[in-house]
Amino acid sequence: MATTSEVPYFDVSDPEFSVSSAEVLAARERSWYARTNFGIAVLRYEQTSALLKDRRLRQGSFAWPEQHGITDGLLHRWWSLLMLSVEGDDHRRLRRLANPAFSRALMEEMVPGFKLLAGELVDTFAGRGRCEFVSEFAEPYSARVLCRLVGLAESRWRDLSHWSTDIGLAFGVTIARDRERIEAGLRNMYGLADELIAERRRTPGGDVISALVQAHDDEGRLSHEELEAMITLIVFGGMDTTKNQLGLALQLFIDHPDQWELLAREPELGPRAVEEVIRWNPTVVWTTRRAVEDLTVEGLDIPAGTTMHLLSPPANTDPLAVGDEPFDITVERRAHFGFGGGAHHCLGHWLARIDMREALPILARRLHRPRLERAPMLRPISGVTGPVELPITFDPGVDA
C-alpha cells in the first residue's frame, strides 16, 4: 500500500476535474485509492467490485445536495425520496414496484419498435452526409423510447428531453451553480407526473404508471410524494443516460473506425459493442458509497461516515484486472461498473442495453467513416457525462 505521503489527492468539486484524466490514470498506477475533499476515491477494479457489494457501506450520494449547501427546497426533497437515497426495506419496496417497468422481457418486446424508430431517424439525415448527432438522433431516439415506455404521446419528447437534461445536472459537481435550472426541470417533470397520474386514474392500463398509481390508491404501498418522485426518476433516468451514452459511443467509434466497420458488417456484435463502449466511455462515471461503520480495506482504516467515490473509467480499464487491452467489440470482458453494482445496480440497465444494442448496428450500417466536423461540446466528466453537441460528417451507407 502507498504511504500517506504517496497517496494522490483530487479536488472532486473542481468543475475541471475529470475521472478519465491522465492524472487519475497515473494515480491508479501508484495507489488503489486517492484522498479527496469529500472522502476517498477508489481507482482500481477489484476494490471497486468489493466495495459496491459491501454491506458495511450504504449508497453514498444520499447527501450529495447537502454536501453542496442545498439543505431545503424542491431539489433537496426530491433527492431524499429517490431510490438511490433510501436503504433497507424502503429501498427494496420501491425497487420491487419499479422493476416491472424495466424488465428484460418488456424491453425485448419493444425491439421491433426500437429498430423502426432508429431507421426513421437516420432517414432524416443519412443522405446529407452530416448531422448534429445528439439533437438529430441520440436525443429523439432516447426520448421517444421513453414516451412509448410510459404511454406518453411521442410529440412530447422535446419537453421530456429538455427537462431531463436540466435535472441531470444534479449529478454533477456544478449542482449548486445549476440549482435554479435543475429545480425548473423538476417542477416541469412533477407537472408531467401529476398529469400522468390523473390520466391513469381516469383510464387505467397495463403500463408501469398504472401499476404505480394502483400501488398508491388501492394498496397503500406508495405515498403520493414517493409516487411523484418515482415517475420523475423513471422518465429522467430512462432517457438522459441513454442519450448521453449514445453520444459517447459514437465519439469512441470515431476514434476506432475499424471497430465501426466491423459492427456494420457483423450487427450481431451489437450486445458486445454496448458493453465495450460502456466499459471504455461510460456516461455514469461516478458511484458513491458511505461507510456506516468503521472498516479496514487493504490496510486503510476507513471511519464510519467516510464517503467512497468509486470512479468507473479507471476501474473498468484497470490493467491489473482486465489487462492492457485496446477497445475491441469482439472480446468478452469482465463485468464493468457502468451500471453501478450491488443493491443499487441500475434499474434501467436492460432498457439501455437493448435499445442501444439495436441502434448502434443500424447507425454503423448507414453512417460510414463518421468524422468530427468540429470539436464536440461536452458536459463535465463527473456524475452523468456526455456530449451536448456532436457535429459529424460521414459517407452515406446502405439502407438498413
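One is the number of the first residue; the rest follow in order along the sequence.
Side chain of Asp395 to backbone of Arg369: no donor-acceptor contact under 3.5 angstrom is found. Without hydrogens or angle criteria, Gln245 side chain to Thr283 main chain gives a donor-acceptor distance under 3.5 Å. Judged purely by atom type and a 3.5 angstrom limit, Asn316 uses its side chain to pair as donor or acceptor with the backbone of Phe337. Distance alone, capped at 3.5 Å, is enough to place a donor-acceptor pair between the Gln59 side chain and the Ser61 backbone. Judged by distance alone, the side chain of Arg357 and the main-chain N or O of Val274 form no donor-acceptor pair under 3.5 Å. Remark: side-chain polar atoms of Arg289 are not paired, donor with acceptor, to backbone N or O of Thr287 under 3.5 angstrom. Judged by distance alone, the side chain of Ser142 and the main-chain N or O of Glu139 form a donor-acceptor pair under 3.5 Å. Looking at Thr232, its side chain does come within 3.5 Å of a backbone N or O of Ala229 through a donor-acceptor pair. Of the possible polar contacts, none joining the Ser31 side chain to the Ala34 backbone as a donor-acceptor pair under 3.5 Å is found. Within the 3.5 Å criterion, the main-chain N or O of Gly113 finds a donor-acceptor partner in the side chain of Arg148.
Using a 4.0 Å cut-off between a side-chain N of Lys or Arg and a carboxylate O of Asp or Glu, Glu136 and Arg128 qualify as a salt bridge. Between Glu293 and Arg56 there is no salt bridge, since none of the side-chain N atoms of the basic residue sits less than 4.0 Å from a carboxylate O of the acidic one. Salt-bridge annotation for Arg379 and Asp240: present, with a side-chain N of the basic residue lying under 4.0 Å from a carboxylate O of the acidic one. Between Asp72 and Arg179 a salt bridge is recorded (basic side-chain N to carboxylate O distance below 4.0 Å). The residues Asp318 and Arg44 are annotated as not salt-bridged, no charged nitrogen and carboxylate oxygen being separated by less than 4.0 angstrom. A salt bridge links Arg353 with Glu275: the distance from a Lys NZ or Arg NE/NH1/NH2 to an Asp or Glu carboxylate oxygen falls below 4.0 Å. With salt bridges taken as basic N to acidic carboxylate O contacts below 4.0 Å, one links Glu120 and Arg144. Residues Arg333 and Asp328 are not paired through a salt bridge, judged by the lack of any N-O separation under 4.0 Å between the basic side chain and the carboxylate. Classification of Arg77 and Glu228 as a salt-bridged pair fails, no side-chain N sitting under 4.0 Å from a carboxylate O.
With a 6.0 Å cutoff to the six-membered ring centre and a 45° limit on the axis angle, Arg104 counts as a cation-pi contact of Trp350.
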Does Glu183 form a side-chain hydrogen bond (donor to acceptor under 3.5 Å, both in side chains) with His76? I'd like the steps, not just the answer. CA-CA 10 Å; Glu183 293 197 331; His76 182 265; over 6 Å; no

Carefully, step by step, assess Arg290 and Glu87 under the rule salt bridge (Lys or Arg N to Asp or Glu O under 4.0 Å). CA-CA 12 Å; Arg290 174 79 66 90; Glu87 295 286 341; over 6 Å; no

Given Glu199 and Arg202, is the salt bridge (Lys or Arg N to Asp or Glu O under 4.0 Å) satisfied, shown in steps? CA-CA 5 Å; Glu199 199 280 331; Arg202 288 192 300 271; 5.3 Å; no

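Side-chain contact between Leu372 and Leu390 is present, with at least one heavy-atom pair separated by less than 4.5 Å. Looking only at side-chain heavy atoms (C-beta outward), Thr288 and Trp64 stay at 4.5 Å or farther from each other. Between Leu146 and Val235 there is a side-chain heavy-atom pair separated by less than 4.5 Å. In this structure, the side chains of Leu212 and Glu226 stay at 4.5 Å or more apart for every pair of heavy atoms. When side chains are defined from C-beta on, Val213 does not count as touching Pro204, because their heavy atoms never get closer than 4.5 Å. The shortest distance between side-chain heavy atoms of Glu154 and Pro140 does not fall below 4.5 Å.
Rounding to the nearest 0.5 angstrom, the gap separating the NE2 atom in His349 from the CZ atom in Phe339 is 7.5 Å. Here Leu310 contributes atom CG and Leu52 contributes atom CG; the two are 5.0 Å apart, rounded to the nearest 0.5 Å. In this structure, CG on Leu25 lies 9.0 Å from CG on Leu43, to the nearest 0.5 angstrom. Annotation: the span from Trp79 atom CH2 to Leu82 atom CG amounts to 7.0 Å, rounded to 0.5 Å. Taking CG of Leu311 as the start and OG1 of Thr48 as the end, the distance is 7.5 Å to the nearest 0.5 Å. With rounding to the nearest 0.5 angstrom, the CZ atom of Arg28 is 8.0 Å from the CG atom of Leu320.
Classified by interplanar angle (parallel below 30°, tilted 30° to 60°, perpendicular above 60°), the ring pair His344/His91 is tilted. Classified by interplanar angle (parallel below 30°, tilted 30° to 60°, perpendicular above 60°), the ring pair Phe125/Phe394 is perpendicular. In this structure, Trp286 and His309 have perpendicular ring planes: the angle between them is above 60°, well past the 30° mark. Aromatic ring pairs are classed by plane angle as parallel below 30°, tilted from 30° to 60° and perpendicular above 60°; the pair Tyr141 and Phe137 is parallel.
The side chain to side chain donor-acceptor pair (under 3.5 Å) contacts involving residues 251-273 comprise nothing, where partners must be two or more places apart or lie in separate chains.
Taking each heavy atom of Thr306 and Pro303 in turn, the nearest pair found is OG1-O, 2.7 Å. Ser161 and Met239 get closest at one heavy-atom pair: CA-CE, 3.3 Å. In plain terms, the two heavy atoms of Ala273 and Leu263 that are nearest each other are CB-CD1, 4.2 Å. Residues Val24 and Val19 approach most closely at CG1-O, 3.4 Å, considering heavy atoms. Taking each heavy atom of Leu246 and Phe133 in turn, the nearest pair found is O-CE2, 3.6 Å. A pairwise comparison of heavy atoms in Leu117 and Val145 identifies CD2-CG2, 3.9 Å as the closest pair.
Hydrophobic cluster membership is shared by Val7 and Met308, with clusters built from Ile, Leu, Val, Met, Phe, Trp and Tyr side chains linked at under 4.5 angstrom.
The aromatic ring centres of Phe253 and Trp280 sit 6.0 Å or more apart.
At most 12 non-hydrogen atoms from other residues, nucleotides or ligands lie less than 6.0 angstrom from CG of Asp324.
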